[in-house]
Amino acid sequence: MGVSLRQQVKVGTYVLRQRLAGRRRYPLVLMLEPLFRCNLSCFGCGKIDYPDAILNKRLTLAECLDAVDECGAPMVAIPGGEPLLHKEIGDIVKGIVKRGKFVSLCTNALLLEKKLHLFEPSPYLFFSVHLDGLKEHHDKSVCLEGGFEKAIAGIKAAKAKGFAVNVNCTVFDGHPAEDIAKFLDLTAELGVGVSISPGYAYERAPDQQHFLNRRKTKDLFRKVFALGKSKRWNLTHSSMFLDFLAGNQEFHCTPWGMPTRNVFGWQKPCYLLGEGYAKTFRELMETTDWDAYGTGRYEKCANCMAHCGYEATAAEAMMKHPLRAAAIAWKGVTTEGPMAPEIDLSRQRPAQYVFDSQVQLRLSEIRANEAREKAAKAAIAQQTSASAA
Ligand code: SF4
Ligand code: SF4
C-alpha cells in the first residue's frame, strides 16, 4: 500500500532488530517540528496559537540533527508550522538524508515552487503536501480562497523536478465520503500517495465543531473504502491501520512510536498532546507516564484515531499477524458487518489543561536566555573597550 520497497525493507529490518533486542518501546518516526510559525491559519490547527516570542523560535540545524541521532528512528517527518519558512531547511533535510533516514517534509505548498532549489531529489525525500480534499473542502480547511490551486501547482512543480510527492489529508466532520472518494481519484490522477487521517480535536483549534468522534470516523472510512473497492488509490498507510480506521481493529495507541521534538524540547506524551517536555529523548522515554495516556485512560484521548498515534501500533500488529495483514492488503478492508468492540471510556481520567502554564514556563525560559545572552554580549563589549584603552 503505497510505500517503496526500499523503505519497507529498511523499516521492517529496523523493527525486527528492536524486537530481537527485546525493546518494548522504540520510535518509528521522529516528528521534528523546527518551528511553529506558519503562513496559514487553518481552522483545525492546534500548533500556531503561541505568542510571537515562541513563534519566532527555531530549532537550529545542529539541534535538528542531534534530535535525529538521539532518537534513532528510521523515518523523520518534518511538520510545523511551515518548515519552508525555516532558513536552514535545505541543510536540515540534506543532513537527515545523508544519515540514510527517510524524510517526509510536510508543507502547505504556498512556498514550495520558490524553495525547490534548496533540495535534491532522492529516494529518501518526500514532500508531503497538506491537501484536505477537493477545492471546496481544502480552501475551507486552510481558510484561504485559492489555497487548493496553489497546493496543486506546488505538487506539479515538485513532480516535474523529479521529487517524490505525497499529500496529507486531514478529515473533518461534514466531509462526505463521496467527496473524499473523488479527492482520492484526483490524487491517483496526479500520481501522488496519500496519508489520510481524522483530525485530532486540539483543545485550542479555532473551530471545535468539526472534529469527528470515533464512531463517526469508522463509519466514514467504511463508506470511503467501499467506494474505493476497484480503485487504485495509493494510500501510504499499512493495511492494518486502514483496517483500524474502518473499525475492524481495536488498537491502543503507541505514543512513543512517533516522538516529537520541537522548540520546547521532547514533547510528552505525543505529537498531539503537549503535557510536559523532556530535555533529552532518553528522558522522554524514561520519565513519561505512558500508562496515563490513550483512549479509555485520558479524556483528551477519547476520540483520537490519528495516524501518528496508531500507525506504530499497526506496524507492531503486522509483525505479529503477517498473514492477516497480507490478507487485508490483498482483499481490501472489510466495510460491512460488526465492528471490533469499542474501548470503555467510563474510567478515563479527566482532561488537564496545562497549555497556559507550559507557555508561561517557556516564555520565562526564553526571557532568561535573552537576558543571559545580553549580559554576555555586554561583558565582551566591556572587555574589548577595556583592552583597547
Ligand atoms: S498549514 Fe499546517 S501548521 Fe499551518 S496553520 Fe495549517 S495546519 Fe497549522
Ligand atoms: S490517544 Fe495516544 S496518540 Fe492520541 S492523543 Fe492520546 S496519547 Fe496521543
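Ligands are counted one by one from 1 in listed order, and the atoms in each one are counted from 1 as well. Just so we're clear, the structure is a prediction, and the values are computed from it rather than from any experiment.
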Where does [X] meet ligand 1, judged by heavy-atom distances below 4.0 Å: at the side chain, the backbone, both, or neither?
| X | value |
| --- | --- |
| V142 | neither |
| C38 | side chain |
| E82 | neither |

When you measure from the side chain of [X] to the backbone N and O of [Y], does any donor-acceptor pair fall under 3.5 Å?
| X | Y | value |
| --- | --- | --- |
| K115 | L84 | yes |
| D132 | S141 | no |
| N166 | V194 | no |
| E299 | A351 | yes |
| T334 | E336 | no |

By number and element, which atoms of ligand 1 are closer than 4.0 Å to a non-hydrogen atom of [X]?
| X | answer |
| --- | --- |
| N108 | 1 (S) |
| I48 | 5 (S) |
| L40 | 5 (S) |

* To do: Please state whether the rings of F43 and F172 are parallel, tilted or perpendicular, taking 30° and 60° as the class boundaries.
  => tilted
* Asked: Just how far is it from atom NZ of K268 to atom CH2 of W290, taken to the nearest 0.5 Å?
  -> 8.5 Å
* Separation of Y298 OH from C253 SG (nearest 0.5 Å) -> 13.0 Å
What is the nearest protein non-hydrogen atom to [atom], stated with its residue, atom name and distance?
| atom | result |
| --- | --- |
| atom 6 (Fe) of ligand 2 | C301 SG, 2.3 Å |
| atom 8 (Fe) of ligand 1 | C45 SG, 2.4 Å |
| atom 4 (Fe) of ligand 2 | C304 SG, 2.4 Å |
| atom 2 (Fe) of ligand 1 | H130 ND1, 4.0 Å |

* To do: Compute the minimum heavy-atom distance from Y200 to ligand 2 and say whether it is under 4.0 Å.
  => yes
* For atom 4 (Fe) of ligand 2, does an N/O/S atom of C308 lie at less than 2.8 Å? -> no
* To do: List every atom of ligand 2 that sits less than 4.0 Å from any heavy atom of Y293, numbering the atoms from 1 in the order shown and giving each element.
  => 7 (S)
* Structure fact -> Atoms of ligand 2 under 4.0 Å from any heavy atom of G309, numbered from 1 in the order shown, are 3 (S)
* To do: Assess C270: does it contribute an N, O or S atom lying under 2.8 Å from atom 8 (Fe) of ligand 2?
  => yes
* **Aromatic Y353 / basic K300 pairing, under 6.0 angstrom, 45° off normal** => yes
* Any N/O/S atom, backbone or side chain, of C253 lying under 2.8 Å from atom 2 (Fe) of ligand 2? -> yes
* Asked: Given G81, S41, C143, which has its nearest heavy atom closest to atom 3 (S) of ligand 1?
  -> G81
* Is the shortest side-chain N to carboxylate O distance from K94 to E88 below 4.0 Å? -> no
* Within 6.0 angstrom of E120 CD, more than 12 heavy atoms from elsewhere -> no
